[in-house]
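Predicted model only: the values in this text are computed from it and were never measured. Reckoned from all heavy atoms, side chains included, excluding hydrogens, waters and symmetry mates.
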Amino acid sequence: MALWTLFGLARGRASSAWPEGDAQAAGQHGVQGMPRVAAQTCAESCAACVAACPTDALRRVELPAAADAVPRHGIALDYGRCIACQRCVEVCPGGTLQASGDWALGTRTRADLQFDPQAAPAPLDGTALALQNTIARRFRHSLHIRHVDAGSCNGCESELQALMNPFYNLHRLGIFFTASPRAADLLLVTGTVTEPMRAPLRAAWEAMPEPKWVMAMGACAISGGMAREGYAGGSGLQGVIPVDVYLPSCAPNPAAIMHALLLLLGRSEQHLHGGRSDG
C-alpha cells in the first residue's frame, strides 16, 4: 500500500479532465465512431450497405429526379439501430458512407437519431429544452443512477464499470450509482428488454420517486440491437417505459456515457440533430 501511495504522489492526478478537452482528454484518441452519410446520393443501383448491415439500420430512399430525369436514391441511417460495426463503410463503393470520430451522440429524442436525406434538420424541441432546464434546476449538485440490465451481453456493463476507475472518476462530477430505485433519479437501462425482464424493469421504474428519468444506453436498449425481435430478445424500451435520453452504439464508451449523463443534466450540448452531427 505504501508503494502505491508513493507512486500516486509521484505520478500526480490520474483523472481525465473530460468533458473538458478533446478526444485525447476523453481517452478516445483515434477511436472510430459511428458511420456518417457524407453524400446526398448513392451510386446508381447500389444497395451494398443495406445488404451488409446486420441490424437493418440502413434503408434505400428514392429521391426526386434531377433535371436530367435520371432516377436517384440516397441512404437513410438510423443511429438507434447502428452498432458501429463499419461494415457499411467497408462495402460502400462511392464513399457515401464514411468512418468518423463521432461517438458522443447522446440525444434527447428518438427522432434525432434518424438521418433521412429528404428531411431537413428538425428544429430544436421546446419541450426537450424545458425538460433540460427543469432537470438543471433540480439536480445542480448530484445525480443518482439505478442501472438495470434488461438482457445485455454485458458489453455496456463493461463500459459502465470503467466509469468508476481513476481515469474517468465519475464521482467527481457528482454522479453516483445506487442499489435501490427508491434512492435513484435516473433509471439507466441496457439490453434488449427481454420478456422476463419487462416486469422487473417496470417495478424498478414505479419504485422511483418523482421526478424521475430514463436513459436507454446502447443499440439494444434503443431498438433491440443484434437480437431485435429474436426468440429471446426484445425490441428495446419502446412501448415499455418513457425514455428521456438515448445513447446509441454498441457499446458506448465511458466518455460517451458521461456526455449523455451531463446532457440530461443540462451540463453538455447535444451534437446530433436529425441524424446530422455538428462535429
Side-chain angles (χ1 to χ4, degrees), residues 34 50-59 76-85 87 105-114 128 131 143-163 177-254 256-257 260-261 263-264 275:
M34 306 288 270
V50 177
C53 182
T55 58
D56 297 328
L58 298 162
R59 60 184 175 86
L77 169 58
D78 185 350
Y79 284 104
R81 293 185 177 184
C82 179
I83 58 172
C85 67
R87 290 178 66 180
L105 297 182
T107 67
R108 299 184 186 90
T109 67
R110 181 70 174 89
D112 277 329
L113 293 175
Q114 297 170 325
L131 174 63
L143 180 74
H144 288 76
I145 304 168
R146 171 63 170 128
H147 167 234
V148 173
D149 176 350
S152 170
C153 69
N154 292 136
C156 287
E157 282 68 27
S158 177
E159 303 298 324
L160 284 172
Q161 189 174 21
L163 292 173
F177 284 89
T178 180
S180 172
R182 299 187 186 279
D185 308 306
L186 173 69
L187 186 64
L188 192 158
V189 183
T190 57
T192 63
V193 190
T194 59
E195 187 63 34
M197 281 303 301
R198 288 195 170 201
L201 181 62
R202 290 200 63 88
W205 161 250
E206 292 166 0
M208 293 172 63
E210 295 286 353
K212 56 188 177 183
W213 290 274
V214 175
M215 175 172 154
M217 175 183 163
C220 289
I222 296 173
S223 64
M226 287 291 293
R228 179 169 55 94
E229 299 175 356
Y231 76 96
S235 298
L237 284 172
Q238 184 175 0
V240 181
I241 55 176
V243 178
D244 301 287
V245 175
Y246 299 84
L247 179 58
S249 194
C250 179
N253 63 58
I257 301 170
L261 292 172
L263 176 68
L264 176 76

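- Proximity of a side-chain donor or acceptor of R108 to a complementary backbone N or O of V245 within less than 3.5 Å is not detected.
- Taking 4.0 Å as the cut-off between side-chain N and carboxylate O, R110 and D78 count as a salt-bridged pair.
- Between the NE2 atom in H144 and the CZ atom in F177 there is a gap of 11.5 Å [rounded to 0.5 Å].
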Q: Evaluate side-chain contact (heavy atoms from CB on, under 4.5 Å) for L160 paired with M217, printing each intermediate quantity in order.
A: CA-CA 10 Å; L160 284 172; M217 175 183 163; 3.8 Å; yes
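- Note: D112 CG to L105 CG = 11.0 Å, rounded to the nearest 0.5 Å.
- Side-chain contact between T192 and R228: absent, with no pair of heavy atoms (C-beta onward) separated by less than 4.5 Å.
- Taken to the nearest 0.5 Å, the CG atom of L187 stands 11.0 Å off from the CE atom of M215.
- Taking both residues in full, the closest heavy atoms of P196 and P200 are given as O-CD, 3.3 Å, listed atom of the first, atom of the second, then distance.
- Considering OH of Y79 and CG of L113, their distance stands at 9.5 Å, rounded to 0.5 Å.
- At least one donor-acceptor pair closer than 3.5 Å links the side chain of S223 to the backbone N or O of G80.
- Proximity of I83 to M226: side-chain heavy atoms (C-beta onward) are separated by under 4.5 Å at one or more points.
- No more than 12 heavy atoms of other residues, nucleotides or ligands lie within 6.0 Å of CD in Q238, so this atom counts as exposed by the packing criterion.
- Counting all heavy atoms, side chain and backbone alike, P209 lies closest to A184 at CD-O, 3.7 Å.
- Residues in residues 198-210 take part in no side-chain hydrogen bond (donor to acceptor under 3.5 Å, both in side chains) pair, two or more places apart or across chains.
- A heavy-atom distance below 4.5 Å is not found between the side chains of C53 and R87.
- Expressed to the nearest 0.5 Å, how far NZ of K212 lies from CG of D185 amounts to 12.0 Å.
- Atom NE2 of H147 is separated from atom CG of L186 by 11.0 Å, given to the nearest 0.5 angstrom.
- N253 places a side-chain N or O within donor-acceptor distance of the main-chain N or O of A256, the cut-off being under 3.5 Å.
- Closest heavy-atom contact between S180 and R146: C-CD, 4.3 Å.
- The minimum heavy-atom distance between A204 and P181, with the atom names listed, is O-CB, 3.5 Å.
- Inter-residue side-chain proximity for P252 and E159 is flagged as unmet; no heavy-atom pair is nearer than 4.5 Å.
- A 4.5 Å side-chain heavy-atom check between L188 and V214 finds every atom pair outside the cut-off.
- The two residues L247 and I257 have their closest heavy-atom pair at CD2-CA, 3.7 Å.
- Nearest heavy atoms, C82 versus A57: N-CB, 3.8 Å.
- A heavy-atom distance below 4.5 Å is not found between the side chains of C220 and T190.
- No side-chain donor from either of D149 and S152 sits under 3.5 Å from a side-chain acceptor of the other.
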